[in-house]
Amino acid sequence: MSYGFGLIIEALVAILLMVTIGYCMILNNRLKRLKADERALKATIAELITATEMAERAVAGLRITARECESTLGERLATADQCCAELNRQVKAGDLVIERLARVVVASRKLDDVQLVAAAPAAPAPAVPKAAPAALASADPKAVAAAARSLADRLRERMSALAA
């Protein structure tokens with residue numbers, strides 16, 4: 001019996017050793033895969049670090065560009081405001097000139113009427129007075145003023161469109 005019992009114990013130890021060797025082989029394969037995954041993970045991390053550095057440089061470049069654009073845009077807006085103010089002054093001056101021209105036309109018509117009345121008994125009055133051009137003599141002062149205002153309005157619209 002002692003042989004039988006010793007043989008059983010040794011057989012049991014041999015089986016346990018075989019199971020341990022098999023389990024070690026499985027663990028060895030898993031460790032190899034884990035190391036391969038570790039290498040792939042390190043490569044991925046290196047690529048991620050490189051991409052992050054490139055993104056940081058791009059963001060810094062965008063910040064610089066945004067600052068430059070902001071300063072340039074500010075200068076252009078100031079110039080546009082000055083141009084608009086100058087154009088508004090010029091339009092107002094043009095309105096004043098048009099009003100003066102309308103007054104001149106009205107005054108010349110009144111003068112023509114006085115000359116027509118004074119010259120009526122002696123000779124027929126000419127159709128167009130020599131003092132005023134034909135266009136001004138035949139134009140209604142209100143129509144001239146309206147046309148001038150329309151022109152000024154169109155100029156304002158164009159300038160506001162250019163400033164925008």
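In this structure, Glu53 does not pair ionically with Arg57, as no charged nitrogen and carboxylate oxygen lie closer than 4.0 Å.
Here Glu10 contributes atom CD and Ile8 contributes atom CD1; the two are 11.5 Å apart, rounded to the nearest 0.5 Å. Atom-to-atom distance recorded for Thr50:OG1 and Ile45:CD1 is 12.0 Å, nearest 0.5 angstrom. For the atom pair CD (Glu75) and CG (Leu77), the distance works out to 10.5 Å, reported to the nearest 0.5 Å. The SG atom of Cys24 lies 10.0 Å from the CG atom of Leu31; values are rounded to the nearest 0.5 Å. Note that the CG atom of Leu62 and the CZ atom of Arg67 stand 11.5 Å from one another [nearest 0.5 Å]. Separation of atoms CE (Met25) and CG (Leu27) is listed at 11.5 Å; rounding is to 0.5 Å.
Side-chain contact of Glu86 with Gln90: a donor-acceptor pair under 3.5 Å is present, judged by distance alone.
Placement of Ile49 and Leu41 within a single hydrophobic cluster is found when ILVMFWY residues are connected by side-chain heavy-atom separations under 4.5 Å, directly or transitively.
Using a 4.5 Å heavy-atom cutoff, the side chains of Glu99 and Arg149 are in contact. Side-chain contact between Lys32 and Asn28 is present, with heavy atoms from C-beta onward closer than 4.5 Å.
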